[in-house]
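To find a chain, count down the sequence lines: A is the first, B the second, and so on, and within it residues start at 1.
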Amino acid sequence: MSAVRTEEFMVNMGPHHPSTHGVCRLLLTMDGEKVIKIEPYIGYLHRSIEKICENRTYHQCIPILDRFEYVTAMSCNYVFSLAAEKLAQIEVPERAEYLRVIMLELNRIASHLIFFGTTAMDLGALTPFLYALREREYIMDLFEMTCGQRLTYNYIRIGGVSRDIPAEFVPKCREAIKIIDQKVDEYMALLNGNPIWQKRTIGVGYLSPELAVAYGVSGPILRASGVDFDIRRDDPYSIYDRFDFEIPVRPNGDVFDRYMLRLDEIKQSVRIISQALDGLPEGEIKAKVPLKFKPPAGEVYSRIENSRGEMGVYILSDGTEKPVRVKTRGGSYNHLQVLPEFATDILIADLVAIFASFDIIMPEVDR
Amino acid sequence: MLSIVKGIVELVRGMTITGKHLGKHAVTLQYPEEKWPMPERSRGIVVLLSDKETGALNCTACMLCMRACPTAAITIDAPRGEDKKRQLKVFQLDVGICCFCGLCEEACNFSAIKLATKYEFSTENKEDLVWDMHKLQEVGRDVPYEARPKKKPAPKPESQSQPPQTVNPVAAPESESSEDEKKEGEA
């Protein structure tokens with residue numbers, strides 16, 4: 001009997017595949033059922049945000065940068081404001097710093113809830129998605145009552161925040177984080193022990209710490225590989241050094257650890273928010289920043305710990321109203337780079353799990 | 001065998017959690033029939049506000065909103081009349097490119113422009129997305145707002161020295177201190 005001739009074939013995954021979270025296109029080379037090569041193709045969501053910012057004043061850049069990473073738009077607002085404040089050496093009022101930390105951490109929780117829901121949905125569990133988005137609604141309501149929008153906030157401004165929180169914000173926020181804190185335990189009970197969930201996540205998609213560091217991976221993915229690095233603690237910005245919180249680190253570097261680490265982070269964010277609500281001082285919410293904001297000539301890079309990793313903005317200023325160059329750095333870009341390294345005898349179903357656990361968001365990659 | 005027992009235990013645990021929701025009310029609404037109340041600060045459609053007594057537009061055509069707009073959605077044409085005051089001739093908002101950031105509302109000194117809590121203004125034609133001042137005024141008639149004091153306190157001397165911006169399509173004004181240029185210096 002003559003030998004059966006086999007050959008590799010290509011599968012196009014995306015750009016509209018439901019589990020590629022947006023418009024990521026992966027060109028897979030398959031050997032039977034095994035994926036032997038992954039090539040990400042990017043650029044479907046390119047809006048040239050960096051170039052647009054060069055033609056806007058510093059104040060106008062902030063609503064544009066809302067679209068840079070719209071799942072945590074507060075951090076986009078913040079990282080740009082931080083860079084501009086560093087450049088012009090603006091002192092931010094105490095109350096504004098507290099409000100910023102509360103908003104950033106609320107947004108981190110919202111982002112991790114989306115991660116939890118979509119990851120579970122990609123792996124075949126629909127219920128967690130509905131639960132996670134229901135709890136996220138509490139946070140969206142808080143944002144909407146404060147700044148008027150649910151997704152593109154335009155709230156954190158150069159020198160402070162745009163508006164003070166309404167009177168009912170603090171009690172509602174306390175209630176929301178209390179509910180979310182309880183619900184996270186429920187999420188864990190729902191999935192962690194499930195044999196199907198365990199089979200699909202534990203030991204799948206191992207990322208070694210060396211590889212993670214070599215590719216510039218940051219955030220929860222890096223910490224799930226056992227590297228203890230968090231910009232909030234190691235290069236503190238804002239007032240994060242005043243709060244008592246832990247940086248969860250997990251050693252195994254598989255899909256399950258990346259998932260668990262984000263749920264742990266929600267609990268830590270709840271701790272930070274409750275401390276910030278306790279210590280919220282009275283006073284000004286915005287430093288005096290002129291409408292014609294002209295920072296001195298120079299360059300600056302600011303970075304923060306986003307829910308997806310290191311988010312940074314580099315500004316080159318020539319002393320005029322508009323920046324000469326704005327460069328943004330999003331964690332997802334590096335995370336997508338490391339994806340081809342996983343093409344060693346995995347199934348497409350595993351690839352879906354790995355991709356979901358990376359929590360890649362395409363606007364951050366394409367910008 | 002052990003894994004089967006474990007699986008059944010986890011199945012029961014999962015079903016218990018989902019089962020808790022069985023008798024509860026839905027958290028969603030049947031949208032077009034029922035609607036959530038919008039928060040007061042909600043940033044919906046942009047409207048032009050009118051004076052509560054006279055019904056005339058509050059807008060003084062100072063063009064601060066046009067300059068503040070990051071997407072250039074607002075077009076204002078207001079030539080100076082015989083008394084050197086600007087007469088608002090065209091105020092156009094392209095809702096299609098408006099990003100609802102609210103910078104125009106913050107820039108306005110005269111409670112003339114506001115992001116109302118209204119939404120639901122979809123249309124089938126792209127041309128209908130360009131709203132003129134009459135439509136913006138009509139939609140904004142019943143929008144509640146707090147009128148800001150019209151006269152500002154005496155401006156600081158340095159704020160007068162700012163030259164007018166070049167984005168202004170109308171001929172750049174000379175240095176006469178009409179009410180509308182006084183805001184430039186302060187955010």
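- By number of non-hydrogen pairs under 4.5 angstrom with chain B, the leading residue of A:Thr146, A:Thr127, A:Ile52, A:Ile64 is A:Thr146.
- When the shell of 6.0 Å around CD of A:Gln182 is examined, it contains more than 12 heavy atoms from other residues, nucleotides or ligands.
- Within the 4.5 Å cutoff, side-chain heavy atoms of A:Met74 are placed close to those of A:Ile156.
- Heavy-atom minimum distance, A:Tyr58 versus A:Pro323: OH-CA, 3.5 Å.
- Against chain B, the residues from residues 157-175 of chain A that qualify, each with a non-hydrogen atom under 4.5 angstrom away, are A:Arg157, A:Ser162, A:Arg163, A:Asp164, A:Ile165, A:Pro166 in number order.
- Heavy-atom distances place the side chain of A:Arg67, and not its backbone, under 4.5 Å from chain B.
- Contact count versus chain B (heavy atoms, under 4.5 Å) is highest, among A:Gly193, A:Pro195, A:Cys61, for A:Gly193.
- Using the six-membered ring where Trp is involved, A:Phe293 and A:His59 have ring planes that are tilted, between 30° and 60° apart.
- Options B:Ser3, B:Gly7, B:Cys99, B:Gly102 differ in how many heavy-atom pairs under 4.5 Å they form with chain A, and the most are formed by B:Cys99.
- Residue A:Tyr153 touches chain B through its backbone alone, counting heavy-atom pairs closer than 4.5 Å.
- In this structure a side-chain-to-backbone donor-acceptor pair under 3.5 Å is missing from A:Gln149 to A:Thr152.
- When only modelled atom types and interatomic distance are considered, A:Asp66 and A:Asn77 share a side-chain donor-acceptor pair under 3.5 Å.
- The distance from the CD atom of B:Glu10 to the CG atom of A:Asn192 is 9.0 Å, given to the nearest 0.5 Å.
- Atom-to-atom distance recorded for A:Arg262:CZ and A:His112:NE2 is 6.0 Å, nearest 0.5 angstrom.
- B:Asn58 contributes a side-chain N or O that, together with a main-chain N or O of B:Ser111, makes up a donor-acceptor pair within less than 3.5 Å.
- Counting only distance, with no hydrogens or angles, the side chain of A:Glu284 and the backbone of A:Arg95 share no donor-acceptor pair below 3.5 Å.
- Of the listed residues (B:Arg13, B:His21, B:Lys6), the greatest number of heavy-atom pairs within a distance under 4.5 Å of chain A belongs to B:His21.
- Scanning both residues, A:Ala189 and B:Ile17, for their nearest heavy atoms gives CB-CD1, 3.7 Å.
- Without hydrogens or angle criteria, B:Asn125 side chain to B:Glu127 main chain gives no donor-acceptor distance under 3.5 Å.
- Within residues 32-49 of chain B, the residues that have a heavy atom under 4.5 Å from a heavy atom of chain A are B:Met38, B:Pro39, B:Arg41, B:Ser42, B:Arg43, listed by number.
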